[in-house]
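Quick note on labels: first sequence line is chain A, next is B, and so on, each numbered from 1.
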Protein chains: 2
Amino acid sequence: MLGLDQLFPAKESGNTKRRILEAAIDLFSLNGYSAVSVREITKQVGIKESAMYNHFKTKDDILDSIYRLFTSMSEGNGLPDEAQLKAILEHTDLETFLKQGFEIYKRTIENPLLVKIWRILNIEQYRDPRARDIILTYIYKGTIDFLEAAFALLQEQRKMNDEYSPKVLAIEYQYPIFSMMTEYLLLTFDGKETDELEDRVRSHIQYFTKYVKN
Amino acid sequence: MLGLDQLFPAKESGNTKRRILEAAIDLFSLNGYSAVSVREITKQVGIKESAMYNHFKTKDDILDSIYRLFTSMSEGNGLPDEAQLKAILEHTDLETFLKQGFEIYKRTIENPLLVKIWRILNIEQYRDPRARDIILTYIYKGTIDFLEAAFALLQEQRKMNDEYSPKVLAIEYQYPIFSMMTEYLLLTFDGKETDELEDRVRSHIQYFTKYVKN
DNA sequence: GTCTATAAACAGATAGAC
DNA sequence: GTCTATCTGTTTATAGAC
């Protein structure tokens, strides 16, 4: 997966832009865009406000860069395409496929940068159409489309029963996980334990598998 | 259910407080607390900023009143208690119970005031521990506890199979609906159609019922 | 690319007349 | 309970020296 390191090298001398972006992500994810001032961001970086404007046109331009960072990371997220998916599913059963998917998901949400941007998207989704669009397209639609394709293949291979459409199954599988993700964002915000939540995901995979596998 | 009318009578002469609250709910739900100024709120009401301070101590006091309004409404939401639940479930099967629950839920989210406050809670949940607490307590925990009690009774009555605990079943039933609720808040924000979403809830009820009823 | 200085608008909140 | 007037600090952003 693409990350901040690829897009904004830390090692190079001119890394102020990157440091501004990191500080902004930190602060926006805590208090939201509107409640954070350019002062606070540049103070955290250790530069004056005016210096920020050498790197970003406006305060909104910082937010826009955060959005673009998220979409770049999502597009390079390494989700298998149709052909790769077919190859994988040839020798994988439903439960293994879902468990592997969860492990990948877990590694994703262990990336603090990504989790912070997720929080920002959640905070800004009503105020900002750009955030709304990213959530509906990259998070909701992207995930459901992928699962729908996978389940359609698994039905073809008779590894899953076809009483329900791949879409209904994708929703039944993924929507509880979306809610758990939301809960995860809230719990980790207060530094609370998420072990029980992880167990719930495993329960859910087991429950789902039990009823729909052939 | 308790509403604004009970808590802040519209008919009485001194209804400025109520009008401030309504304007604030409108604006906060669109842009979030931090991005809305007292100026904007009072302009919408048609009074000067200083007049606001005769009704609320600070800007934050308005937000706090909104939270208190929500919890009052939730506490008077008419969810049946243990005894009432038992009486209802004596002569109701699982599918009917869930369908009736959905109809009540639908009427709830047709209340624009409640939907706006829900959005405010979503926006403020990271910045504001009060919002976080309301979401975890009133929305997540409250709903799951209620369903868990109901499913436990249905299992006792042998109307539901007991391969899974009432808690797992409550989560499997409710968590997809939480996600759909979130999607609903986003779609209605842009005035988009929610019919497909409603179908999804029906599909979900049908899917869930098929696998767990006895 | 960073700094100091400053602009111009806006923020939340208060005092006191009516 | 609403108004006008005002206070004090903060906001985003720019100009120009180094």
So if I define the base as every atom that isn't primed, P, OP1 or OP2, how would nucleotides 13-18 of chain D read as a B/S/- string at a heavy-atom cutoff under 4.0 Å? BBB---

So, does B:Q44 use its side chain to make a donor-acceptor pair with the main chain of B:I41 at under 3.5 Å? no

Flag for B:T188-B:R119: side-chain donor and acceptor within less than 3.5 Å: yes

In whole angstrom, what separates [X]'s [atom1] from [N]'s [atom2]?
X: B:Y33; N: C:dA11; atom1: OH; atom2: P; answer: 13 Å
X: B:L63; N: C:dG12; atom1: CG; atom2: C1'; answer: 15 Å
X: B:N31; N: C:dA11; atom1: CG; atom2: P; answer: 12 Å
X: B:K48; N: D:dT6; atom1: NZ; atom2: P; answer: 15 Å
X: B:I41; N: C:dC10; atom1: CD1; atom2: P; answer: 16 Å
X: B:F56; N: C:dA13; atom1: CZ; atom2: P; answer: 13 Å
X: B:E40; N: C:dA13; atom1: CD; atom2: P; answer: 15 Å

Quick one: stems involving DNA chain D, counted as three or more successive Watson-Crick or G-U pairs, both distances short of 3.5 Å. C:1-10 with D:9-18, C:12-18 with D:1-7

So which heavy atom on A:D26 is nearest to which on A:S29, and how close? O-OG, 2.8 Å

Contact class for B:V45 vs. all strands (heavy atom < 4.0 Å): base, sugar-phosphate, or nothing? nothing

Are any of the side-chain nitrogens in A:E198 or A:R202 under 4.0 Å away from the carboxylate oxygens of its partner? yes

Taking NZ, NE, NH1 and NH2 as the nitrogens, is one of them in A:E40 or A:K43 under 4.0 Å from a carboxylate oxygen of the other? no

pair B:I20-B:I47: side-chain heavy atoms closer than 4.5 Å: yes

Ring centres under 6.0 angstrom apart (A:Y105, A:F102): no

Would you check, one step at a time, whether the test salt bridge (Lys or Arg N to Asp or Glu O under 4.0 Å) holds for B:E82 with B:K86? CA-CA 6 Å; B:E82 188 84 17; B:K86 203 155 190 166; over 6 Å; no

Compile the donor-acceptor pairs under 3.5 Å between side chains in residues 164-171 of chain A and protein atoms, sequence neighbours left out, one pair per line.
from	atom 1	to	atom 2	distance (Å)
A:S165	OG	A:V168	N	3.2

